[in-house]
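Values below: all heavy atoms of this structure, side chains included; hydrogens, waters and symmetry mates excluded. Just so we're on the same page: letters track the sequence lines, and every chain starts at 1.
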Protein chains: 2
Amino acid sequence: MDNSAPAAPKYYRLKEELRGLVRDAEPGSPIPTERALASRYETSRTTVRQAIAELVAEGVLSRTQGKGTFVAPSSPTYVRQLTSFTDDAAAQDLRSSSRILGIEHVTADASLVSRFGMPMASELTRVERVRLINGEPLAHEAAYLPGVLDGLRGHLEGNGSLYATLSAHYGIDIAEAEDTVETMVAGPEDALLLKTEMGAPLLLIHRRGLDAEGTPVEWTRSVFRGDRFRFFARTRR
Amino acid sequence: MDNSAPAAPKYYRLKEELRGLVRDAEPGSPIPTERALASRYETSRTTVRQAIAELVAEGVLSRTQGKGTFVAPSSPTYVRQLTSFTDDAAAQDLRSSSRILGIEHVTADASLVSRFGMPMASELTRVERVRLINGEPLAHEAAYLPGVLDGLRGHLEGNGSLYATLSAHYGIDIAEAEDTVETMVAGPEDALLLKTEMGAPLLLIHRRGLDAEGTPVEWTRSVFRGDRFRFFARTRR
DNA sequence: TAGTGGTCTAGACCACCAA
DNA sequence: TGGTGGTCTAGACCACTAG
């Protein structure tokens with residue numbers, strides 16, 4: 001009788017083999033080309049690509065069409081709940097910045113009201129940004145704020161922190177937040193904006209921010225690269 | 001000159017096509033076989049499989065070797081921070097249960113102490129379980145608790161709630177928790193335990209539980225299916 | 001046993017990058 | 001221009017499920 005464990009698929013054994021080869025390598029250093037690996041391990045390029053794809057999803061490798069496949073920088077970036085992205089990055093000695101994709105005034109429709117889950121001002125301001133750490137895109141977020149916030153772009157370009165800007169110039173202070181965290185898969189737009197690849201695992205975070213009176217004053221949808229981000233939350237019962 | 005946007009890959013167009021076909025379908029109903037889809041859309045099975053793979057990762061479809069590919073049940077399961085898995089499931093009218101994989105006493109080594117990030121009792125109890133919702137595996141978790149907790153298996157088999165058991169029988173009350181949430185990719189063991197497939201996106205959650213005095217009394221590593229789980233956190237500044 | 005999804009092959013052509 | 005990764009093909013065989 002056959003008592004041997006069923007062999008893992010070849011692409012999986014290759015994946016773990018590659019993980020070992022890469023463990024002590026310098027971040028940014030290239031690994032052999034897919035065709036070279038296929039030849040070395042006597043397999044097909046398809047199988048090599050399946051192994052590499054999962055290591056990319058895990059953030060172990062990164063690849064660029066026309067250039068090659070490289071050992072990814074390791075350190076994931078923590079972002080704490082209810083603190084400013086800007087401050088958190090600074091606390092970890094990372095340069096944070098953001099690229100404003102658009103600021104516009106919108107009228108609340110049924111969909112928006114239901115997403116806020118609250119009575120809303122009829123006029124909202126929508127801020128769409130890409131958040132970067134050390135120049136690398138980490139997140140894409142769209143925030144909805146009540147009212148028409150004139151001059152917001154100027155203030156944001158000054159320091160980049162939305163929460164600090166809201167507090168200093170508009171009298172909006174977020175005292176409490178509700179977040180949900182789930183996974184999603186990168187589509188073409190996400191892949192472009194976050195410089196990752198289609199099919200890559202992402203973290204989708206929805207936040208509802210409340211002021212000291214418990215009134216909802218923020219609704220934000222954020223998409224983070226799953227390979228470079230860790231969400232941190234602390235709660236008292 | 002060519003002003004047309006570059007066409008999305010064929011597998012991506014097929015993916016969105018399939019998403020539409022499936023949107024109004026009954027959960028659990030089968031979709032055509034991969035060979036049938038390849039023929040219908042005049043493409044290869046490889047391309048069909050790439051499209052289906054991403055829909056599986058998103059929790060839109062599920063498939064079983066030998067049986068077929070099916071429309072997945074939609075509802076993701078929320079689990080709130082710092083509340084009992086058991087209670088949360090009940091609040092959402094879901095049957096929760098757990099399968100105990102093992103309960104053992106271990107001696108704290110350097111690795112464990114550093115993960116706890118604190119001075120530890122030298123004797124720990126390790127509880128490994130699979131958590132199920134409506135009979136479907138949702139999470140795999142291993143909890144470390146300080147001391148030798150005799151009779152734990154019996155108490156857990158009684159009601160299933162670890163937090164309730166700790167409070168009622170061992171005088172351990174968790175008053176505060178720190179969680180980190182990140183993505184990972186399913187390997188062979190995760191795929192088996194969670195009845196998902198290799199390469200599937202998972203949520204990896206580490207929790208450190210503290211009692212009212214701020215003493216760490218729990219360290220848990222949980223792996224949740226990314227397609228059926230949403231993490232919820234509420235924080236006051 | 002027939003049919004399904006899971007793995008794998010050996011190619012092909014395209015899009016992109018650097019020299 | 002040559003080499004890289006990205007997409008796609010048309011098969012093959014295996015592992016598993018169900019009738």
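- Put simply, the side chain of R35(B) and the base of dG5(C) share a donor and an acceptor less than 3.5 Å apart.
- Applying the Watson-Crick and G-U wobble criteria (two distances, each under 3.5 Å), dG19(D) pairs with nothing in any strand.
- Contact annotation: R49(A) reaches the phosphate of dG6(D) (side-chain N/O to OP1 or OP2, under 4.0 Å).
- Distance R63(A) CZ to dG3(D) C1': 17 Å, rounded to the nearest Å.
- For dT9(C), one of the phosphate oxygens OP1 or OP2 lies less than 4.0 angstrom from a side-chain nitrogen or oxygen of T47(A).
- For E42(A), the CD atom sits in a loose shell: 12 or fewer heavy atoms of surrounding residues, nucleotides or ligands are nearer than 6.0 Å.
- With rounding to whole Å, L55(B) atom CG is found 16 Å from dG5(C) atom C1'.
- Closest to the T46(A) side chain, of the nucleotides dG5(D), dA10(C), dC8(C), is dA10(C).
- Between S44(B) and dC8(D) there is no side-chain N or O to OP1 or OP2 distance below 4.0 Å.
- Looking at which nucleotide of DNA chain C each of T64(B) and Y11(A) is closest to, the 5′-most match is held by T64(B).
- Rounded to whole Å, the distance from CD on E54(B) to P on dG6(D) is 13 Å.
- Ranked by how close their nearest DNA chain C nucleotide is to the 5' end, T43(A) and Q65(B) are led by Q65(B).
- Remark: P of dC8(C) and CE of M198(B) are 9 Å apart, rounded to the nearest angstrom.
- Dashed line: the shortest gap from a side-chain N or O of K67(A) to OP1 or OP2 of dG5(D) is not under 4.0 Å.
- The aromatic rings of F85(B) and F224(B) are tilted relative to each other, their planes meeting at an angle between 30° and 60°.
- When the C1' atom of dT9(C) is taken as reference, atom CZ of R45(B) falls 14 Å away, rounded to whole Å.
- Following rounding to the nearest Å, Y41(B) (OH) and dT9(D) (P) show an atom-to-atom distance of 14 Å.
- Between the CD atom of Q50(A) and the P atom of dG6(D) there is a distance of 15 Å, given to the nearest Å.
- The pair E17(A)-R40(A) does not meet the salt-bridge criterion, since no charged nitrogen lies less than 4.0 angstrom from a carboxylate oxygen.
- Taking 4.0 angstrom as the limit, K10(B) places a side-chain polar atom (N or O) nearer than this to OP1 or OP2 of dT9(D).
- Contact annotation for T33(B): backbone-only contact, meaning every heavy-atom pair under 4.0 Å involves sugar-phosphate atoms and none involves a base.
- When side chains are defined from C-beta on, E136(A) counts as touching R228(A), because their heavy atoms get closer than 4.5 Å.
- Other residues, nucleotides and ligands place more than 12 heavy atoms under 6.0 Å from the CZ atom of R153(A).
- Which of dG6(C), dC8(C), dG5(D) sits closest to the side chain of E34(A) comes down to dG5(D).
- dG3(C) atom P lies 17 Å from atom CG of L37(B), rounded to whole Å.
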